[in-house]
Amino acid sequence: MDTNIKKQIENFKKENDAVLLAHYYVGPEIQEVADRVGDSFYLAQVGQELDNKVILMAGVYFMGETLKILNPEKRIFMLNAKADCPMAHMVSHDKIRELREKYDDLKVVCYVNSGAETKALSDVCVTSSNSEKICKNLDTENIFFIPDENLGRYIAEKIPEKNIILNKDGYCPIHNGIDKKELEALKEAHPKAKVLAHPECRKEILDLADYIGSTKGIIKEVANFNTDEFIIVTVKRMAYELEKTYPDKKFYYLNSLVCPDMEMPKVEDILTCMQSEENEIHVDEEVAKKALRPLQKMLELGSR
C-alpha cells in the first residue's frame, strides 16, 4: 500500500482517537492497516480493552452492533454500513418463545453471528471457537442453538449428552453452499494437503476434513501438522493471515468461498466512514441492555 495513504490513515485515527478493528475475512489491504485483526470472539474482547473513544469496524453489521452493546460509551462506525450477514436474520423469535414454554430448563445459545434483538432473547452467546466449551458446561440438558444449523449439528455430535435442538434453515450461505465435488477435486489435485474446515460447513464437507475449527483455530492448527500443504475450507480472505504467519507453507482455497458482504469494506472507507452519521451504530437502549447479558456471559465462560 502507498505509504502516503498509510500516513493519512494513521493521522486520521490519531486525530479522532480512533482504532481500526478488522475480521480475518475482509480484504488484505484493510488487514494490513488495521490495529487489531481477529475472529469474532477476539474482536469482542479487544473492543472492551481499548481506551479509544472511537472504534472503526471492518467486517459485517452484527460485529459493529456487538461492539456497541459491549461499549455503549464509545462511538462505533462500520466501514461499510451495508455489509450484513444473512445468517444473522435466520431465526424465528416466536420459535424461541415456543421452546421456552415447552422446556422448563431450556437455554438459548446464540451464535454471535446474529442481530441484537435475537441476542436479547438468548441466555448466552457463543462463537465457533468457544461454542463447544460453553454448551458443554451449561447447567441444563436442553439447548436451542441458533441461528446456524450446521454449527449446532457439529456441537451436538461433540456433546451427545445434551439435547441440542437445531434451528432449521439457519446457515451461512457461503459455507453452506460449498460444492463437495469442488473440495474432492482439490483433494485429488493435492493429495498431501491436510483439509482444515470451518464448522459452518455442511456435515458432508466436514467429513472430509482433517481438522474442524474457528478461523483462529485453523490458523493455530497449521503449526501442529507435519506437512507443508493445506486446503483451507473457509472464506478465501484468510489467505492474508495464513500466508503472513506461515510463508513457507502452501495453501489452497475453494474458488466459491468469497463472502460478498465482507468484500464491501474498502480502504477509502477508513477516511470517510465517520463523515456520515449513517455509518455509526446505534442500538435501542432496552434491547442493548438485554443483549448485553448473554454477551457478557460469553466473555466470562469463553475465557475460562
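Everything quoted here is computed from the prediction, not taken from an experiment. Values below: every heavy atom of this structure, side chains too, minus hydrogens, waters and symmetry copies.
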Atom pair [atom1]/[atom2] of [X] and [Y] - distance to nearest 0.5 Å:
X: Glu149; Y: Tyr111; atom1: CD; atom2: OH; answer: 14.5 Å
X: Ile218; Y: Lys220; atom1: CD1; atom2: NZ; answer: 13.0 Å
X: Leu301; Y: Cys125; atom1: CG; atom2: SG; answer: 11.0 Å
X: Leu183; Y: Leu254; atom1: CG; atom2: CG; answer: 5.5 Å
X: Met274; Y: Glu280; atom1: CE; atom2: CD; answer: 8.0 Å
X: Ile146; Y: Ile165; atom1: CD1; atom2: CD1; answer: 11.5 Å

Under the side chain to side chain contact (heavy atoms under 4.5 Å, CB included) test, which residues partner [X], sequence neighbours left out?
X: Phe251; answer: Val222, Phe230, Ile232, Leu242, Glu243, Tyr246, Lys249, Tyr253
X: Glu161; answer: Lys136, Ile159
X: Lys181; answer: Asp179, Glu184
X: Thr140; answer: Asp105, Lys107, Leu138, Ile143

When you compare the side chain of [Y] with that of [X], does any pair of heavy atoms fall below 4.5 Å?
X: Lys119; Y: Val287; value: no
X: Phe41; Y: Met298; value: yes
X: Asp248; Y: Asp228; value: no
X: Gln8; Y: Asn11; value: no
X: Leu196; Y: Val233; value: no
X: Lys6; Y: Glu32; value: yes
X: Val124; Y: Glu300; value: no
X: Gln45; Y: Leu299; value: yes

[X] and [Y]: which non-hydrogen atoms are nearest, and at how many Å?
X: Leu43; Y: Arg36; answer: CD2-O, 4.4 Å
X: Lys236; Y: Val258; answer: CD-CG2, 4.0 Å
X: Asn279; Y: Cys273; answer: CB-O, 3.1 Å
X: Ile164; Y: Gly152; answer: CG2-O, 4.1 Å
X: Asp39; Y: Tyr24; answer: N-CE1, 3.4 Å
X: Ala22; Y: Ile30; answer: CB-CG2, 4.3 Å

Worksheet item: Listed by chain and number, what are the salt bridge (charged side-chain N to carboxylate O under 4.0 Å, His left out) partners of Asp35, not counting sequence neighbours?
Response: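 Scan of Asp35 (salt bridge (charged side-chain N to carboxylate O under 4.0 Å, His left out), adjacent residues dropped) gives Lys13.
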Discussion item. Donor-acceptor check, side chain of Lys290 to backbone of Glu285, threshold 3.5 angstrom: yes or no?
Written reply: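 Here the side-chain-to-backbone pair does not exist.
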Discussion item. Check this for me, if you would: do Lys266 and Glu29 make a salt bridge, where the nitrogen-to-carboxylate-oxygen distance has to be below 4.0 angstrom?
Written reply: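 No, Lys266 and Glu29 are not salt-bridged.
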Discussion item. Taking Arg202 first and then Glu204, would you say they form a salt bridge - that is, a charged N and a carboxylate O separated by under 4.0 Å?
Written reply: yes
Is there a continuous path of hydrophobic side-chain contacts, each under 4.5 Å between heavy atoms, that joins [X] to [Y]?
X: Phe145; Y: Leu106; answer: no
X: Phe144; Y: Tyr103; answer: yes
X: Leu121; Y: Val126; answer: no
X: Val26; Y: Ile9; answer: yes
X: Val235; Y: Leu186; answer: no

Identify every side-chain donor-acceptor pair in residues 76-94 under 3.5 Å, counting partners at least two apart or on other chains, and give the distances.
| residue | atom | partner | partner atom | Å |
| --- | --- | --- | --- | --- |
| Asn80 | OD1 | Lys82 | N | 2.9 |
| Asp84 | OD1 | His89 | NE2 | 3.4 |
| Asp84 | OD2 | His89 | NE2 | 2.8 |
| Ser92 | OG | Asp94 | N | 3.3 |
| Ser92 | OG | Lys95 | N | 3.1 |
| His93 | NE2 | Thr118 | OG1 | 2.9 |
| Asp94 | OD1 | Arg97 | NH1 | 3.3 |

Worksheet item: In the hydrophobic clustering (ILVMFWY, side-chain contacts below 4.5 Å, transitive), which residues join Met264, or is it alone?
Response: none
Worksheet entry | Residue list, side-chain hydrogen bond (donor to acceptor under 3.5 Å, both in side chains) with Ser214, at least two apart or on another chain | none
Fill in: Asn16: partners by side-chain hydrogen bond (donor to acceptor under 3.5 Å, both in side chains), with sequence neighbours left out
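For Asn16 there are no side-chain hydrogen bond (donor to acceptor under 3.5 Å, both in side chains) partners, ignoring immediate neighbours.
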Donor-acceptor contacts, no H, no angles, side chain residues 169-176, under 3.5 Å, sequence neighbours left out:
| residue | atom | partner | partner atom | Å |
| --- | --- | --- | --- | --- |
| His175 | ND1 | Glu200 | OE1 | 3.1 |
| His175 | NE2 | Thr234 | OG1 | 2.8 |
| Asn176 | OD1 | Asn150 | ND2 | 2.9 |

Donor-acceptor contacts, no H, no angles, side chain residues 51-65, under 3.5 Å, sequence neighbours left out:
| residue | atom | partner | partner atom | Å |
| --- | --- | --- | --- | --- |
| Asn52 | ND2 | Asp17 | OD1 | 3.4 |
| Glu65 | OE1 | Ala116 | N | 3.0 |

Report, one line per pair, each donor and acceptor closer than 3.5 Å where one atom sits in a side chain of residues 205-213; sequence neighbours left out.
| residue | atom | partner | partner atom | Å |
| --- | --- | --- | --- | --- |
| Asp207 | OD1 | Lys203 | NZ | 3.2 |
| Asp207 | OD2 | Lys203 | NZ | 3.1 |
| Asp210 | OD2 | Val195 | N | 2.7 |

